[in-house]
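Structure first, commentary second.
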Amino acid sequence: MGIHTSVEPDIATIRFLTPEGVLCRPMPPSVSDELLLSLYRSMTRTRTFDGKAIALQRTGQLGTFASALGQEAVGVGAAAAMAARDVLAPSYRDHGAQFVRGMSMAECLLYWGGDERGSDFAHSRLDFPNCVPVATQIAHAVGAAYAFKLRREDRVVVTFIGDGGTANGGFYEALNMAGVWKTPVVFVINNNGWAISTPRALECAATTLAQKGVAVGVEGLQVDGNDVAAVYDTVRQAVDKARGGQGPTVIEALTYRLGDHTTADDATRYRDPDQVRREWSREPIARLRAYLIGKGVWSADSEAALQQQCLEEVNQAVSAYQATQPASSDAMFDYLYATLPPAYVPQREIARRFAPSAGGGHG
Amino acid sequence: MGIHTSVEPDIATIRFLTPEGVLCRPMPPSVSDELLLSLYRSMTRTRTFDGKAIALQRTGQLGTFASALGQEAVGVGAAAAMAARDVLAPSYRDHGAQFVRGMSMAECLLYWGGDERGSDFAHSRLDFPNCVPVATQIAHAVGAAYAFKLRREDRVVVTFIGDGGTANGGFYEALNMAGVWKTPVVFVINNNGWAISTPRALECAATTLAQKGVAVGVEGLQVDGNDVAAVYDTVRQAVDKARGGQGPTVIEALTYRLGDHTTADDATRYRDPDQVRREWSREPIARLRAYLIGKGVWSADSEAALQQQCLEEVNQAVSAYQATQPASSDAMFDYLYATLPPAYVPQREIARRFAPSAGGGHG
Amino acid sequence: MAELSLVEAVNRALACEMAIDESVLLIGEDIGANGGVFRATNGLQARFGKDRVVDTPLAEGGIAGVAVGMAAMGLKPVAEIQFTGFIYPTIDQMINHASRLRNRTRGRLTCPMVLRSPYGAGIHAPEHHSESPEALFAHMPGLRVVIPSSPARAYGLLLAAMRDPDPVVFLEPTRLYRLFKQEVADDGESLPLDACFVSREGKDATLVAWGAMMQETLAAADALEREGVDVEVIDVATIKPLDVETILRSVEKTGRCVIIHEAPRTAGFGAEIAAEIAERALFSLLAPVKRVAAYDVVVPLYRLERQYIPSLDRIADAVRSVMEGS
Amino acid sequence: MAELSLVEAVNRALACEMAIDESVLLIGEDIGANGGVFRATNGLQARFGKDRVVDTPLAEGGIAGVAVGMAAMGLKPVAEIQFTGFIYPTIDQMINHASRLRNRTRGRLTCPMVLRSPYGAGIHAPEHHSESPEALFAHMPGLRVVIPSSPARAYGLLLAAMRDPDPVVFLEPTRLYRLFKQEVADDGESLPLDACFVSREGKDATLVAWGAMMQETLAAADALEREGVDVEVIDVATIKPLDVETILRSVEKTGRCVIIHEAPRTAGFGAEIAAEIAERALFSLLAPVKRVAAYDVVVPLYRLERQYIPSLDRIADAVRSVMEGS
Ligand SMILES: Cc1ncc(C[n+]2csc(CCOP(=O)(O)OP(=O)(O)O)c2C)c(N)n1
Ligand SMILES: Cc1ncc(C[n+]2csc(CCOP(=O)(O)OP(=O)(O)O)c2C)c(N)n1
Ligand SMILES: [Mg+2]
Ligand SMILES: [Mg+2]
């Protein structure tokens with residue numbers, strides 16, 4: 001039956017920087033040194049934040065937390081390719097992107113610290129909140145993009161999903177609709193090799209996840225997700241394409257989850273530490289640092305200053321988070337409907353009556 | 001971005017007989033004249049049945065009914081490629097296949113006549129019943145195939161889905177699992193060009209539906225679904241492959257729904273009659289008849305005899321259907337659980353008490 | 001005022017709101033040229049265009065999900081699910097997103113969508129076409145659930161649902177789609193979304209129903225009247241939030257209550273009403289609160305569906321038993 | 001007999017049945033090497049192999065669907081859904097297939113599967129990890145719904161669920177997974193699937209609860225005892241089919257009933273119990289039937305979850321009010 005068989009598409013991985021930080025193709029014109037420095041700073045901010053968040057969790061000051069360690073280039077690179085007016089539909093591990101979009105670190109801590117106010121972003125107020133039910137955000141992205149297309153608004157939606165999530169029907173249904181409707185949306189698959197303990201090979205038998213696009217007539221691309229330049233440039237082109245009315249793109253970013261799945265996970269139960277060690281040599285921040293230092297635009301001094309700055313920012317955010325007074329029991333009722341229906345008003349009263357006397361701040 | 005783009009796979013349509021009934025490739029060795037005659041008879045039976053079922057519905061003697069007019073080659077060809085011990089997981093339009101599997105016409109009428117006993121097949125008792133919620137049967141097929149693989153039983157599952165159904169996440173999730181687990185299952189996509197009123201182009205932007213397999217690492221093939229030899233031979237190979245432990249195959253069969261979606265539908269509301277007229281020149285039965293007559297193995301006499309025989313069979317089935325006494329109200333309770341839990345026993349009593357005095361037969 | 005069937009009233013409400021509010025759009029399977037399998041959207045694609053009356057691929061979960069995304073960005077999508085038997089894949093999006101988007105974002109994003117579906121048994125439809133899942137949605141905080149029982153109520157309540165700033169599940173009894181016609185004003189006036197209708201006043205017992213079961217219930221009321229039993233009939237119509245006050249007032253007056261629904265008995269919405277009565281009107285009760293519901297069985301194929309749907313006889317029998325106080 | 005936590009008891013029941021019955025297999029996300037996110041399947045893949053402890057792709061609808069297919073062919077799949085917040089995509093397969101395969105085929109094909117899931121709030125988990133959807137499943141004809149409240153009950157009821165010839169939804173209170181240990185026999189003895197447990201006898205009022213709420217309920221019983229109120233506590237455990245007789249007997253004795261659950265109040269399973277009492281034990285009642293349930297709100301993020309879960313105070317308050325007859 002050979003000749004009739006659907007062929008495995010030949011998908012090449014887009015990359016500019018090798019793991020050693022050496023150019024393997026000329027940097028695209030869109031990627032200036034200035035941009036790279038800004039992406040570098042964003043990645044470093046994210047990593048600093050992650051370290052602190054894990055520490056807070058370990059000391060009982062934060063709930064379960066999903067770190068982006070090792071995957072910073074995907075979120076940062078993709079978000080940097082968006083215009084401010086565009087809309088992000090994130091998963092739960094995309095604070096790298098959200099920080100670029102203007103979400104504050106204190107908001108992020110509030111969310112993982114068990115407080116809905118963390119999703120009431122002061123900036124990028126059309127961005128969707130974190131999405132925990134895997135793959136459900138993809139339809140939101142397509143629906144939002146449909147709205148923009150219908151109203152001829154110049155906005156593009158960028159959405160993220162993990163490798164594991166691409167096995168879910170919700171991903172497929174929405175991707176398919178985007179293909180039919182040619183909505184202005186970019187799907188970024190954050191392929192970090194694992195869905196909790198499930199390795200990529202047990203999630204899907206296809207060679208790449210980019211080829212998911214083939215099933216639905218949507219262009220599929222694969223990038224080195226640890227090369228922020230490749231992520232940025234590829235997403236930028238896909239965003240431009242979407243903006244130009246030429247429909248959606250699915251981009252598989254190859255990266256690696258260097259940490260546990262979340263603070264509730266212990267990856268040593270299922271993952272070979274040698275694999276993790278190997279992957280540390282490919283991670284995005286050191287790679288870009290090597291390149292920037294090689295180009296003479298970065299130094300040990302600038303690094304130290306940046307580290308300091310990030311730490312300060314994180315510490316300030318932690319203080320703000322910890323100073324936030326917990327919401328009252330009314331907070332369970334007041335945003336449920338535009339106006340609380342009379343049927344539920346007595347319940348709000350009961351909740352007030354049984355509320356424990358107000359506790360301290362967060363954490 | 002051209003060079004990195006996932007390519008549209010080049011999928012050729014497998015065909016032996018042209019619409020005129022002329023060989024365009026040598027018949028495969030697996031397809032003898034004897035087999036073709038038997039397939040021809042099966043297709044004719046199905047078509048005769050469909051005509052009668054529609055007439056029954058129009059005269060108030062049957063409920064809503066989904067005819068297979070024009071698509072007989074898909075069901076018949078695929079089912080003929082199965083061993084008796086294999087298992088079928090049909091959709092709701094696959095009585096062509098079910099008749100080959102031994103479902104009686106009276107059973108089929110009972111089902112569409114609103115009686116669960118129609119799904120208590122006397123033959124092929126492991127076959128799944130009709131499946132109305134589109135795409136939900138695909139997971140059943142994969143689960144069943146998993147059972148056979150686990151128990152090292154020499155059984156393969158064949159399942160059907162419409163073109164419209166392939167947009168559903170249930171199809172994708174199950175197909176993906178089959179790819180990962182290499183279960184012995186064959187997915188036949190009955191692409192009849194329409195999902196009720198929704199044309200193929202509005203269901204999916206991919207060029208073929210066979211390429212859905214690319215997304216999940218499952219081989220995908222496309223056949224002329226009006227060429228029963230092509231359907232038979234392709235499914236046969238896929239069944240052999242599955243039996244040999246080499247995993248699943250998805251086969252898109254290109255056909256056309258010559259009738260309304262169901263008796264509740266009026267396709268003239270949304271479909272160009274010229275398209276239907278054109279498609280009549282490609283339908284599977286006349287095509288095979290032309291070939292068989294050309295080969296000298298079929299004649300006007302044998303045709304008349306077959307028509308007569310099919311009519312008699314159908315009429316007998318109608319009589320049996322009409323003579324079936326309606327079930328009593330107990331029928332709602334007695335197969336709900338292995339043993340009706342005590343909590344629901346009083347309800348069975350109430351139902352008895354309020355049962356209208358027994359009515360007549362079906363229809 | 002023209003006489004309209006319930007499905008025509010739905011059509012008119014959709015057309016009315018689409019004409020007034022250009023953020024309203026319709027999505028669903030076969031709602032375009034085909035006008036929906038029941039013709040609820042008949043003519044609307046021709047009138048409002050393919051961008052606002054969108055034939056979707058066959059993916060109910062996806063339909064609900066894109067509706068959430070559209071609504072979050074300020075559109076007012078009205079999604080049609082072809083039959084309630086296929087509504088289950090929407091539950092994930094309805095409970096995990098539609099119903100809580102406002103809450104999760106402290107009001108920053110909202111979800112003004114309507115999920116419409118033909119609902120219930122009684123039309124000799126095929127398998128999986130006759131389900132009554134209102135109780136599932138009624139249990140989800142943040143949703144509204146509305147079930148009209150007449151053309152006029154369908155028109156007014158659907159307008160209200162489309163104008164509501166929060167997600168509404170709108171279930172349309174297929175059995176009533178063409179059963180009778182009624183004068184329906186073309187005035188764009190909506191009905192309140194959290195008030196029961198007292199469809200018939202009476203003093204001896206309170207009958208509570210909704211949707212198509214209002215037919216058997218009102219017929220039972222007529223039959224009982226001939227026996228000298230004068231019942232009050234309440235059409236709940238807005239299942240969630242429930243206007244329990246109207247029901248309690250009636251039960252306080254009559255002292256007896258029979259609740260009727262087409263969904264299976266166990267954990268059906270009738271239980272909620274009975275529970276509220278048991279908590280808040282107990283001492284007014286002269287007789288047990290009875291539920292006349294479908295049995296706890298799968299909706300049978302159509303040969304038995306009339307034995308599944310609570311009948312006038314069953315309702316009347318229950319009322320007679322509460323009149324005897326047992 | 002060893003002291004086991006609830007999650008260890010689940011593990012032991014799974015291991016026991018897999019050893020006895022080779023048609024039992026486990027499927028779910030991260031149940032293999034990882035042993036499940038709560039370790040319920042810890043060690044089982046190593047013991048029974050990858051073919052019988054199957055790590056699935058991330059697709060709950062597909063998991064339920066393949067379980068139906070497996071069960072139809074005679075396997076006994078036990079599917080784990082990682083958290084009840086992700087159980088909604090299984091509903092379609094559970095209501096449209098699992099619960100009715102036997103009925104649809106007149107017993108020709110059956111569906112002996114178990115759908116397990118950690119359930120409920122109270123462990124400071126992230127968003128969507130704290131849901132209590134038992135009422136949804138309880139409304140589906142053809143299913144069984146089981147919720148253990150202790151290690152011993154988890155062991156015996158899970159064995160029974162796996163041995164039952166029909167589909168069972170088995171919800172395991174995460175809050176109890178490691179809260180306490182208890183002696184659990186390793187004897188392979190199952191518990192009945194349609195009988196409530198009278199966990200504490202008393203004469204003044206009947207408290208009805210299940211799952212993790214048994215904690216607050218029993219604690220409230222203790223507190224009330226110190227006030228001189230002697231309550232009976234019933235652990236429903238098998239929500240569906242409901243052993244209402246045990247509850248009615250108790251209410252007939254005490255004349256008072258308070259029903260406690262962690263799911264939102266409206267159309268929660270407590271309504272079903274209250275409705276049954278209002279119909280069948282009305283004249284035994286000395287006070288209104290009260291429900292102490294979560295509010296009709298979305299489960300809040302963890303800072304407020306303790307205000308969401310019915311507290312000992314709320315329960316005791318309700319009992320005091322029924323003791324006063326109001
Ligand atoms: C629908 C659903 N099922 C299960 C979970 C529990 N869960 C959280 S993350 C996760 C794995 C996701 O893997 P992947 O999509 O690769 O994203 P990653 O966490 O690796 O970024 C699972 C199973 C969930 N959140 N949603
Ligand atoms: C999940 C689901 N949604 C909607 C329907 C209603 N419906 C029945 S058939 C059909 C179209 C199916 O089209 P296709 O898959 O191409 O199969 P065909 O009928 O053409 O054989 C629809 C929408 C259904 N049965 N199941
Ligand atoms: Mg991953
Ligand atoms: Mg079709």
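Just so it is clear: chains get the letters A, B, ... in the order the sequence lines come, proteins before strands, and each one is counted from 1.
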Toward chain B, the part of D/Leu109 with a non-hydrogen atom under 4.5 Å | side chain
Pairs touching residues 43-81 of chain D that satisfy ring-ring contact (aromatic ring centres under 6.0 Å, His included), sequence neighbours left out | none
Is D/Asp166 reaching over with its side chain to a backbone N or O of B/Ala338, donor-acceptor style, under 3.5 angstrom?
-> yes
Region of D/Asp243 that comes under 4.5 Å of a non-hydrogen atom in chain B = neither
Hey, could you give me each pair passing side chain to side chain donor-acceptor pair (under 3.5 Å) that has a residue in residues 138-148 of chain D? Not counting sequence neighbours.
-> D/Arg144-D/Asp164
Can you see which heavy atom on B/Ala139 is nearest to which on D/Gln93, and at what distance?
-> CB-NE2, 4.3 Å
Just checking heavy atoms, which of residues 76-87 of chain D are less than 4.5 Å from chain B?
-> none
Honestly, the part of D/Ile27 sitting under 4.5 Å from a heavy atom of chain B is neither
Would you mind checking which part of D/Asn103 comes under 4.5 Å of any heavy atom in chain B, side chain (CB onward), backbone (N, CA, C, O), both or neither?
-> both
Please state whether the side chain, the backbone, both or neither of D/Asp51 comes within less than 4.5 Å of a heavy atom of chain B.
-> both
Contacts satisfying side chain to side chain donor-acceptor pair (under 3.5 Å) that involve residues 169-185 of chain B (not counting sequence neighbours) are A/Lys212-B/Tyr172
For B/Met177 against D/Ala59, the heavy-atom pair lying closest together | CE-O, 3.8 Å
Contacting region of D/Pro241 [heavy-atom separation from chain B under 4.5 Å] = both
